[in-house]
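Quick notes on the structure that follows.
Everything numeric here is computed off the predicted structure, so don't read it as measured data. Numbering of residues begins at 1 and proceeds along the displayed sequence. Both backbone and side-chain heavy atoms feed into the values below; hydrogens, waters and symmetry mates do not.
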Amino acid sequence: MRILFICHGNICRSPTAEFIMKYLTREAGVYEKFVIASAATSTDDLGSDMYSKAKSELNRHKIPHEHRKARQLRSNEYSNWDLIIAMDDENLRDILSILGGDPCEKVRLLMSFAGENRSVEDPWYTRNFAKAYDDIYNACSELLAKLSQTL
């Protein structure tokens with residue numbers, strides 16, 4: 001199962017989701033069945049590591065992470081992923097624009113896996129990294145539970 005998490009800059013929400021999902025799959029003993037990554041819709045932060053406050057939130061919860069460089073989603077990667085998961089509606093629109101559509105219905109909002117039709121608020125603007133972490137952790141847990149039924 002190949003999962004790509006997407007947010008605006010690939011420095012807060014999407015790498016948080018990437019590292020949480022890697023952690024959850026390791027804890028569940030299914031890590032080897034997944035390829036998990038993240039990317040941006042914009043070019044704003046290309047090459048930047050994860051934002052320090054997002055890293056601090058992962059550290060607070062003992063979620064392992066590593067140095068990484070933000071990258072942008074490319075128009076030719078649609079076929080590389082089973083799921084392409086957006087953090088908010090703006091990301092969703094940008095993803096569809098970059099990819100030229102979603103013929104196989106792979107693109108979804110993260111919170112939809114938790115049964116909620118809403119965005120993960122961007123902590124870059126809200127400064128509420130704890131709430132973003134909680135939303136992402138809960139939705140990733142639900143996503144893994146749903147995927148585990150088919151593994």
Side-chain angles (χ1 to χ4, degrees), residues 1-51 54 57-58 61 63-66 68-126 129 131-151:
M1 173 61 63
R2 299 177 58 82
I3 303 171
L4 183 65
F5 294 100
I6 307 279
C7 70
H8 180 79
N10 192 215
I11 60 168
C12 294
R13 293 171 294 170
S14 61
T16 295
E18 174 186 348
F19 292 123
I20 287 173
M21 195 67 176
K22 286 177 176 178
Y23 170 80
L24 291 172
T25 59
R26 276 189 206 99
E27 290 294 301
V30 294
Y31 180 76
E32 70 284 346
K33 296 182 180 190
F34 288 86
V35 173
I36 302 163
S38 62
T41 57
S42 76
T43 59
D44 294 354
D45 296 294
L46 295 184
S48 297
D49 193 9
M50 192 173 180
Y51 186 59
E57 197 62 33
L58 289 176
H61 293 279
I63 302 292
H65 56 85
E66 66 244 4
R68 51 176 308 286
K69 291 184 177 183
R71 73 169 192 89
Q72 186 179 30
L73 174 67
R74 295 178 308 276
S75 62
N76 65 347
E77 9 181 358
Y78 186 76
S79 63
N80 297 348
W81 303 102
D82 299 308
L83 284 172
I84 301 169
I85 301 176
M87 297 295 134
D88 63 37
D89 290 324
E90 182 180 339
N91 302 152
L92 192 66
R93 284 188 300 275
D94 291 343
I95 291 166
L96 296 174
S97 176
I98 291 167
L99 297 175
D102 182 21
C104 300
E105 299 182 358
K106 299 178 183 186
V107 181
R108 304 266 307 271
L109 275 176
L110 178 61
M111 293 309 295
S112 70
F113 294 101
E116 298 184 44
N117 185 22
R118 66 176 179 88
S119 297
V120 175
E121 292 179 5
D122 191 341
W124 181 263
Y125 300 106
T126 68
F129 287 86
K131 179 170 182 357
Y133 174 90
D134 288 345
D135 282 348
I136 293 167
Y137 188 93
N138 292 335
C140 284
S141 295
E142 292 296 325
L143 170 59
L144 181 57
K146 287 177 170 79
L147 294 175
S148 293
Q149 297 170 2
T150 61
L151 293 178

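Judged by distance alone, the side chain of S42 and the main-chain N or O of H8 form a donor-acceptor pair under 3.5 Å. Between the side chain of R2 and the main chain of N80, a donor-acceptor pair closer than 3.5 Å is present.
To the nearest 0.5 Å, atoms CD1 (I3) and CG (D82) are separated by 8.0 Å. Separating the CD1 atom in I20 from the OG atom in S141 is a distance of 8.0 Å, to the nearest 0.5 Å. If you take CZ on F19 and CE on M50, they are separated by 6.5 Å, rounding to the nearest 0.5 Å. Taking CG from L73 and SG from C7, the interatomic distance works out to 11.5 Å, rounded to the nearest 0.5 Å. Remark: I84 CD1 to L92 CG distance equals 10.5 Å, nearest 0.5 Å. Between the CG atom of L83 and the CD1 atom of I6 there is a distance of 11.5 Å, given to the nearest 0.5 Å.
For W81, the ring pair (Phe, Tyr, Trp, His ring centres under 6.0 Å) criterion is met by no residue, not counting sequence neighbours. With sequence neighbours excluded, no residue forms a side chain to side chain donor-acceptor pair (under 3.5 Å) with Y137. Contacts of R93 classified as salt bridge (charged side-chain N to carboxylate O under 4.0 Å, His left out), with partners at least two apart in sequence or in another chain: none. Not counting sequence neighbours, the partners of Y51 by the side chain to side chain donor-acceptor pair (under 3.5 Å) test are R127. Residues passing the ring pair (Phe, Tyr, Trp, His ring centres under 6.0 Å) test with Y78, sequence neighbours excluded: none. Listed by chain and number, the residues in a side chain to side chain donor-acceptor pair (under 3.5 Å) with S38 are N10, E18, R68 (sequence neighbours excluded). Here K131 pairs with D135 under the salt bridge (charged side-chain N to carboxylate O under 4.0 Å, His left out) rule; sequence neighbours left out. Every residue was checked against the side chain to side chain contact (heavy atoms under 4.5 Å, CB included) condition with S97, not counting sequence neighbours, and none meets it. Partners of D94 by side chain to side chain donor-acceptor pair (under 3.5 Å), not counting sequence neighbours: none found. Not counting sequence neighbours, the partners of E57 by the salt bridge (charged side-chain N to carboxylate O under 4.0 Å, His left out) test are R60.
Taking all atoms of both residues into account, the shortest heavy-atom contact from D89 to S119 is N-OG, 3.5 Å. Closest of all the heavy-atom pairs between V120 and R13 is O-NH1, 2.7 Å. The shortest non-hydrogen separation linking N91 to D88 is N-OD1, 2.7 Å. Scanning both residues, G9 and D45, for their nearest heavy atoms gives O-CB, 3.7 Å. Contact between M87 and L109 at its shortest, heavy atoms only, is C-CD2, 4.1 Å. Summarising the geometry of C12 relative to A54, their closest heavy-atom pair is CA-CB, 4.1 Å, with the distance given to 0.1 Å.
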Listed pairs under 3.5 Å, donor-acceptor, residues 142-149 side chains, sequence neighbours left out:
{"from": "K146", "atom 1": "NZ", "to": "F113", "atom 2": "O", "distance (Å)": "2.8"}
{"from": "S148", "atom 1": "OG", "to": "L144", "atom 2": "O", "distance (Å)": "2.8"}

Could you pull out all donor-acceptor pairs under 3.5 Å where a side-chain atom in residues 25-37 meets a protein atom, sequence neighbours excluded?
{"from": "T25", "atom 1": "OG1", "to": "M21", "atom 2": "O", "distance (Å)": "3.1"}
{"from": "T25", "atom 1": "OG1", "to": "K22", "atom 2": "O", "distance (Å)": "2.9"}

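For N76, the CG atom counts as densely surrounded, since its 6.0 Å shell holds more than 12 non-hydrogen atoms of other residues, nucleotides or ligands.
With a 4.5 Å cut-off on side-chain heavy atoms, F5 and I136 do not count as touching.
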For this session: Show the numbers, then the answer: is there a side chain to side chain contact (heavy atoms under 4.5 Å, CB included) between I11 and W124?
Result: CA-CA 9 Å; I11 60 168; W124 181 263; 4.0 Å; yes
